[in-house]
Amino acid sequence: MTDLLAARMQMAVSLGFHIVFACIGMVMPFLMAAAHWRYLKTGREIYKQLSLSWAKGVAIFFATGAVSGTVLSFELGTLWPEFMKHAGPIFGMPFSLEGTAFFIEAIALGIFLYGWGKINRWVHFGSGIVVGISGVLSGILVVAANGWMNSPTGFEGDLLSGNVYNIDPIAAMFNAAWFSQALHMTLAAFVATGFAVAGVHAFQLLKHPNSEFHRIAMTIAMIFGSVAALLQPISGDISAKDVANRQPAKLAAMEAHFETEKGADLLIGGIPYEEEGVVRYGIHIPNALSFLAFGDFDAEVVGLNDIPKEEHPPVAVTHFAFQIMVGAGSLLMLLAVIFLWWRWRRKDIAWPGWFLKVLAAATPLGFIAVEAGWTVTEVGRQPWIIYGVMKTSEALTPMPGLVWSFGITTTVYVLLSLMVIWLMRRQIRVVNQSFEPANPKS
Amino acid sequence: MMLGIIVFFLLASLLFYVIFGGADFGAGILELIARKKDSARTQELTYRALGPVWEANHMWLILAVVILFVGFPQAYAILSTHLHIPLMIMLLGIVLRGTMFIFRHYDAVKDGSQIWYARLFAWSSFLTPLFLGMILGGTILGQIDLEANSFFEAYLAPWLNGFSIWLGLFFCLVSAFLASIFLTIESRQESEKHQLSRKAFQINVLMFGMGGIGLVGAGFFDTNINLAAGVLHHYWEGYQGWLVMGVGSLLWGATQYCLFTNKYSIARILGVGEVSVVLLGWIWLQHPAMIIFKDGTNLSLTQAAAPDATLMSLGWALIIGSVLIFPALFYLFKVFKQ
Ligand code: HDD
Ligand code: HEM
Ligand code: HEM
């Protein structure tokens with residue numbers, strides 16, 4: 001494994017790990033606040049218990065999110081020092097604001113987790129909301145930084161030689177990609193976390209059909225997840241149009257679009273053969289790509305043949321990842337429609353078993369879409385680390401032997417993931433014991 | 001002007017991290033050295049004292065890193081290249097202790113795994129400040145060689161040396177000392193308070209001894225025998241060095257006196273003062289140099305500073321941020337640390 005590959009893989013593993021905890025950190029506070037709100041309104045203990053049980057799990061996720069984020073802020077330097085040296089002053093604005101958001105979040109979290117019974121209940125409720133808002137804000141900010149890597153602005157001159165002038169950190173933060181990416185990411189966090197939480201509780205409902213606890217929990221999570229899942233394709237379309245304008249190579253790789261043409265077809269599935277420049281076994285929808293990318297059935301879509309060979313992103317990975325994201329997104333949207341319709345039409349009838357089974361099976365689907373989406377964004381940007389400005393290979397640290405640090409990072413994160421899953425199972429077992437004492441199965 | 005403000009925030013976050021993060025590490029070190037029969041009680045106390053604030057305590061590190069890479073990108077790039085290995089080890093420590101601390105408390109089932117959480121937490125609480133100290137040592141020792149052409153010279157020599165290890169161990173002592181003076185106050189039992197304050201007293205003696213060895217070593221030998229002399233000679237030159245040593249020793253004596261006479265709250269303030277003088281005094285002595293290189297040159301904060309537009313926006317972000325953060329932080333400590 002070359003050092004460059006090791007570094008890229010290490011970055012991918014670290015980010016892929018962190019993003020899961022980040023999503024949960026952004027969304028769970030809102031789910032807890034919803035349960036908490038019901039408790040403050042109705043005074044029913046079960047809502048308080050739900051909020052408390054979630055809080056226990058969330059503490060574990062938050063700690064893991066915080067430490068893996070700390071790792072990232074050093075890894076940007078240990079792996080890509082040349083990138084940080086030149087880009088830090090330009091795209092650093094969101095990070096410096098993010099520091100505040102993290103701080104507020106950490107403080108509010110301390111108050112929220114440890115404040116039960118110690119402070120005014122509404123202040124306590126408010127602290128939970130603050131955790132959520134500052135979490136979403138920090139997500140938006142860091143994605144704005146990533147947006148700058150996709151559409152660098154806010155400076156003039158030659159970044160590589162360090163000869164830059166007219167630096168404008170604010171303009172860099174509000175780069176062309178920030179809005180579409182931040183919107184899409186925020187919704188994604190709600191979709192992924194909402195469906196994952198709902199899935200876990202749906203699975204428990206299958207085992208304990210009469211559990212009011214799990215029914216309430218699933219409903220709250222599904223409401224958040226479903227609304228976001230309905231909006232997600234709209235936001236995805238905004239993203240796609242954005243990419244089409246700003247990064248034609250990425251769009252071409254996403255769609256495995258090898259030849260520039262007017263009225264291009266949308267490709268669904270298929271296996272791209274990069275050497276030959278063809279796709280086999282795909283379904284073609286006439287003119288749809290032109291329409292989706294530019295809002296015009298006859299628009300010209302640039303193919304990889306018009307992009308210098310050394311600037312091609314890996315086509316197969318990008319294409320598959322895009323298919324996975326869109327596939328998962330469509331499925332989740334379908335589930336969201338069924339859920340909302342069912343709730344609206346037949347409020348008080350218990351959920352049918354097949355639906356619970358499907359939801360349980362869909363537990364990881366949102367997170368799979370998130371990982372796939374980031375693969376599209378990051379791999380689709382290759383070979384650039386800053387699109388059109390700096391190549392990833394130019395950013396790499398001179399230190400050899402990176403395969404070691406990749407190996408260690410991966411091992412630690414795999415072990416931690418396993419531990420978190422194991423801890424969650426223990427958590428759920430205990431919750432079940434305290435809520436279904438009569439149920440022999442638990 | 002803006003540069004000054006940013007440097008102020010950088011120093012403040014470094015200082016706060018050393019104090020609050022240090023106390024946090026120290027709590028783990030105390031568990032490590034506690035006798036078996038006390039360790040359950042120590043754990044209980046650690047949790048009560050740290051639970052609500054540990055995440056906030058570690059934000060200071062994030063803040064320092066962000067200030068470094070936005071405001072002083074060149075320094076960040078050099079340090080993270082040449083100190084790659086100790087940084088990775090420190091991060092491993094941070095990951096382990098953060099997660100183990102929380103797992104230990106939030107694991108719904110309390111069984112044999114508790115022992116593992118506790119062990120890993122305690123050992124990583126030692127590993128992290130050790131390497132943090134070594135990283136600081138590497139920054140100032142003058143073994144970073146930008147032209148180095150062997151792996152050893154470029155990536156190991158800067159931090160794998162006696163001075164850095166000395167500083168790492170010194171920082172472990174500082175951490176354990178801070179933890180014991182803080183926990184003395186948190187504790188609700190007289191006997192435990194007494195025990196902790198005695199521990200603080202002993203550790204403070206060790207700190208004095210270790211600091212003394214370093215300074216005397218630097219005073220009597222030259223750089224050929226003792227690399228550290230290249231750094232620590234500052235203490236023996238001019239009135240500034242004497243001033244720092246003098247104030248530090250005075251505070252040390254006063255802290256010990258208060259610990260001895262059970263004036264715990266005053267001891268805490270003096271102890272924090274003592275540590276701050278050691279850290280800030282040293283920065284004062286070696287400024288404007290920040291990173292010292294092997295060829296004798298150095299990089300100062302001014303040289304490493306980002307362009308003005310960046311400094312302006314960073315500075316404002318910090319100012320606005322602190323208006324929000326400090327009242328919130330104050331409230332947090334007020335609720336949990338009466
Ligand atoms: C639950 C997660 C999820 C779901 C259901 C979808 N996406 Fe997505 N997508 C993401 C999660 C995500 C993401 C992980 O959040 C990304 C990575 C970078 C970003 O901004 O969002 C992303 C990126 C991303 C990009 C690249 C943006 C860029 O590089 O700037 C495009 C074009 C789309 N998405 C399009 C879609 C479409 C058309 C969807 C239709 C169903 C869709 N996504 C569903
Ligand atoms: C918003 C913050 C993010 C920043 C600043 C960021 C930055 C980077 C950097 C510097 C690299 C290495 C250089 C490169 O390969 O271009 C990278 C690669 C990568 N990142 Fe991101 N990233 C972010 C978000 C994410 C997330 C959340 C994921 C989730 C899975 C992700 C997945 C990847 C992958 C898969 C690569 C490797 C791409 C390749 O080398 O082929 N990124 N990212
Ligand atoms: C798209 C990518 C990312 C998103 C959406 C995201 C979002 C978040 C969120 C919501 C949190 C707080 C939740 C929690 O603590 O569990 C968090 C924590 C953190 N993230 Fe990320 N992040 C991303 C990538 C990055 C990158 C690239 C860095 C490094 C430069 C980073 C650094 C951090 C740090 C230092 C923390 C700890 C803060 C704390 O303790 O609360 N994140 N992230």
Side-chain angles (χ1 to χ4, degrees), chain A residues 56 59-60 62-64 66-71 73-74 76-78 81-82 84-86 88-90 92-93 95-100 102-104 106-111 113-115 118-119 164-170 397-401 405 408 412 416 419 423 426-427 429-431, chain B residues 51-56 58-59 61-63 65-67 69-71 73-74 76-81 84-85 87-88 90-92 94-96 98-99 101-103 105-109 151 154-155 306-314 317-318 320-322 324-325 328-329 331-332 335-336:
Chain A
K56 286 209 171 119
I60 291 174
F62 261 103
T64 316
V67 295
S68 60
T70 310
V71 172
S73 41
F74 283 94
L76 286 178
T78 55
E82 287 301 309
M84 290 309 283
K85 186 160 93 191
H86 297 298
I90 305 170
M93 188 66 197
F95 289 107
S96 27
L97 294 172
E98 195 187 18
T100 305
F102 283 154
F103 232 122
I104 300 286
I107 294 170
L109 185 72
I111 296 174
L113 288 181
Y114 298 86
K118 281 204 170 135
I119 52 176
V164 285
Y165 44 92
N166 285 346
I167 290 181
D168 183 349
I170 311 282
T397 173
M399 194 177 103
S405 84
I408 294 170
V412 170
L416 273 184
M419 275 191 81
L423 285 166
R426 284 158 71 108
Q427 212 67 261
R429 223 170 42 223
V430 170
V431 167
Chain B
V53 293
W54 83 268
E55 208 171 317
H58 287 273
M59 286 299 105
L61 177 64
I62 312 280
L63 205 57
V65 171
V66 169
I67 296 177
F69 79 57
V70 179
Q74 211 184 342
Y76 176 78
I78 292 174
L79 292 179
S80 52
T81 305
H84 184 122
I85 297 169
L87 279 169
M88 287 302 291
M90 177 197 76
L91 288 172
L92 185 70
I94 289 182
V95 168
L96 283 181
T99 48
F101 179 68
I102 293 294
F103 289 0
H105 187 72
Y106 280 96
D107 190 344
V109 185
F151 186 84
Y155 305 108
D308 283 340
T310 308
L311 294 182
M312 277 316 269
S313 56
L314 174 61
L318 291 169
I320 295 168
S322 59
L324 294 169
I325 290 169
L329 205 57
Y331 180 73
L332 178 73
V335 171
F336 296 103

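None of these values were measured; they are calculated from a predicted model. The chains referred to below are lettered A, B, ... by the order of the sequence lines, with proteins before strands, and numbering in each begins at 1.
Contact of B/L92 with chain A is made through the side chain alone, with heavy-atom distances under 4.5 Å. In this structure, the portion of B/V65 lying under 4.5 Å from any heavy atom of chain A is its side chain and not its backbone. The contact between A/I60 and chain B is made by backbone and side chain atoms together, counting heavy-atom distances below 4.5 Å. Looking at B/L79, there are no atoms closer than 4.5 Å to chain A (heavy atoms on both sides), in backbone or side chain.
Contact count against chain A (heavy-atom pairs under 4.5 Å) is highest for B/T99 among B/L318, B/T99, B/L314, B/I67. Most heavy-atom pairs under 4.5 Å with chain A: of the set B/A306, B/A317, B/S322, this distinction falls to B/A317. The candidate from A/G99, A/P169, A/G401, A/A108 with the greatest count of non-hydrogen atom pairs under 4.5 Å with chain B is A/P169.
Nearest heavy atoms, A/V67 versus B/I94: CG1-O, 3.6 Å. Of all non-hydrogen atoms in B/G321 and A/T100, the two that sit nearest each other are CA-OG1, 3.3 Å.
Not counting sequence neighbours, the partners of A/S405 by the side-chain hydrogen bond (donor to acceptor under 3.5 Å, both in side chains) test are A/Q10.
Looking at heavy atoms from C-beta onward, A/L76 lies in side-chain contact with B/Y76 at the 4.5 angstrom threshold. The shortest side-chain heavy-atom distance between A/T64 and B/F103 falls under the 4.5 Å cut-off. The shortest distance between side-chain heavy atoms of B/Y106 and A/L113 falls below 4.5 Å.
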